[in-house]
Amino acid sequence: MTTLISLLQSSHLLPVHETLLVACSGGSDSLALTHALSLVRPGRVMAAVVDHGARPESAMEARAVARQVARWDIPCTVLTPAPEPSGSPEDRLRRQRMGALAAHAQDLGIRRIVLAHHARDQLETVLMRLMRGTGLDGLSGMAPVRRLGDDLLLVRPLLRTPPEVLAAHNREHGLEPWEDPTNCDRAIPRNRVRHEAIPTLASLNPGWPSTLSANVERWREEDAFLDARAREALAGLFPRRMARLIAWPREAFDSLDIVLQRRILRLMAREVGQLEHDLDSARIERMRLDVSPLADVGVGLRIERRHGWIVLAAGTDLEPTEPGLRLCQPDSDQFIPAGRTRARTLRHHLARWRVPWLVQERLWVFATGSLVQAVMGGPSADERQPDLATIPRPEAGWPGEAWFDKGGAPP
């Protein structure tokens with residue numbers, strides 16, 4: 001019979017020469033993983049318990065778990081993460097947990113964080129994403145390896161392992177897991193999937209969980225293939241980037257196969273929006289088919305089709321690149337073009353040079369009140385304009401690029 005110890009001994013995700021940080025909540029799965037790693041990698045394991053402070057007794061429970069783990073000669077630290085202000089309760093807790101673990105690993109100089117997610121967790125994740133309307137990338141489930149930083153990996157060596165293997169390890173070694181009472185709360189969607197949806201589906205087809213697990217592996221391979229092709233196609237569009245904005249030629253994009261179009265939009269939304277979850281398939285399709293000059297995608301994203309370009313942008317909560325700069329306010333800012341005496345709105349001026357609206361909102365300006373003296377190194381009627389040498393300029397090929405060359409103001 002396959003044991004948890006033999007699975008970990010043969011895992012290529014757990015190099016023998018590296019010290020590992022294992023996340024241990026004290027529950028059945030993480031307790032079994034932590035104990036097994038103490039036997040498989042003695043002296044090469046450290047542990048962390050994340051106390052979210054969600055309940056009055058959570059601090060005491062976290063300390064009890066840490067003492068239990070320490071008896072296995074594993075140094076264990078209780079981490080208290082900073083609160084997260086936004087997102088669903090599950091998303092906030094996940095971000096808190098991962099942020100605390102990543103910071104602790106970096107402080108210790110550890111390069112791999114190990115989680116106890118197993119095959120049933122993978123099924124739950126796929127079903128949750130399917131209900132949100134995910135694409136192929138979402139159906140491929142949690143990745144065995146996820147990069148958290150330049151030198152930090154999150155690894156899940158048990159994604160193909162049934163939870164019964166971990167439970168058997170606990171019984172064999174006399175371990176007594178602590179059960180989080182919230183795991184039985186049916187108001188939490190994931191718990192309903194775990195306790196209601198999965199058993200119901202298994203009753204209809206007992207072999208369904210293993211069939212879906214096998215499909216997840218195949219979907220991951222197909223997703224990786226499609227992702228590589230989409231990235232190649234995206235590079236061929238020669239996209240232009242600014243802070244939380246990406247733009248690409250519309251005609252070249254429209255000539256691509258629609259499967260690549262969808263994946264490219266998903267990739268760019270993920271890059272620009274810094275999203276907690278990928279956009280659902282319905283939203284991606286609306287982005288692809290909506291021909292409005294400017295449309296609100298939701299989740300803080302807008303897409304613009306103008307002057308032969310498609311521009312995708314997130315919020316403009318940006319920090320200035322140097323003192324004295326502020327973001328452009330095209331509709332209220334005034335500008336006096338070179339050779340002119342009367343001010344116009346900056347929106348009118350930039351529109352004549354076919355600069356997309358979403359790009360306009362990301363231009364940095366020097367201004368006296370609402371009168372703009374200089375924009376991104378552009379032309380100015382004021383000979384005393386500040387030195388603009390350090391201000392970022394658009395890459396070659398931007399729509400309206402000529403406007404950014406000094407002296408290029410329209411007549």
Can a salt bridge be assigned to the pair [X] and [Y] using a cut-off of 4.0 Å between side-chain N and carboxylate O?
X: R347; Y: D331; result: yes
X: D137; Y: R270; result: yes
X: D254; Y: R305; result: no
X: E285; Y: R262; result: yes

Student check: side-chain heavy atoms of [X] and [Y] closer than 4.5 Å:
X: L20; Y: V22; result: no
X: L237; Y: M268; result: no
X: L325; Y: F366; result: yes
X: Q68; Y: C24; result: no
X: W309; Y: V355; result: no
X: R306; Y: V311; result: no
X: R41; Y: V16; result: yes
X: I303; Y: D290; result: no

Any side-chain to backbone donor/acceptor pair from [X] onto [Y]? Under 3.5 Å, distance only.
X: T368; Y: L371; answer: no
X: D227; Y: D223; answer: no
X: R218; Y: E221; answer: no
X: D121; Y: H118; answer: yes
X: Q261; Y: L256; answer: yes
X: R44; Y: H17; answer: yes
X: R111; Y: L153; answer: no
X: S28; Y: P177; answer: no
X: R112; Y: L13; answer: yes
X: R220; Y: G141; answer: no

Of all the heavy-atom pairs spanning [X] and [Y], show the shortest one and how long it is.
X: R244; Y: G315; value: CD-O, 4.2 Å
X: P157; Y: V114; value: CD-CG1, 3.8 Å
X: L212; Y: L123; value: CD2-CD2, 3.5 Å
X: L346; Y: C328; value: CD2-SG, 3.3 Å
X: L279; Y: A269; value: CD1-CB, 3.6 Å
X: S6; Y: T3; value: OG-O, 2.8 Å

For the atom pair [atom1] ([X]) and [atom2] ([Y]), what is the distance rounded to the nearest 0.5 Å?
X: L33; Y: L115; atom1: CG; atom2: CG; result: 8.5 Å
X: L312; Y: M287; atom1: CG; atom2: CE; result: 4.5 Å
X: I113; Y: L101; atom1: CD1; atom2: CG; result: 5.0 Å
X: W219; Y: L226; atom1: CH2; atom2: CG; result: 15.0 Å
X: R190; Y: L127; atom1: CZ; atom2: CG; result: 9.5 Å
X: R250; Y: H307; atom1: CZ; atom2: NE2; result: 12.0 Å

How about [atom1] on [X], more than 12 heavy atoms from neighbouring residues, nucleotides or ligands closer than 6.0 Å, or not?
X: R160; atom1: CZ; value: no
X: R192; atom1: CZ; value: no
X: E232; atom1: CD; value: yes

Full working for side-chain contact (heavy atoms from CB on, under 4.5 Å) between H117 and L158: CA-CA 6 Å; H117 290 138; L158 304 176; over 6 Å; no
Pair S332, S370: side-chain N/O donor-acceptor within cut-off below 3.5 Å: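 Looking only at side-chain atoms, S370 and S332 do not form any donor-acceptor pair under 3.5 Å.
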Verdict with supporting geometry, D51 and S58, side-chain contact (heavy atoms from CB on, under 4.5 Å): CA-CA 6 Å; D51 172 24; S58 64; 2.7 Å; yes
L358 and L294: CA distance, side-chain angles, deciding distance, side-chain contact (heavy atoms from CB on, under 4.5 Å) verdict: CA-CA 9 Å; L358 293 177; L294 185 63; 3.9 Å; yes
Step-by-step side-chain contact (heavy atoms from CB on, under 4.5 Å) determination, M46 to H104: CA-CA 11 Å; M46 303 185 77; H104 187 55; 5.8 Å; no
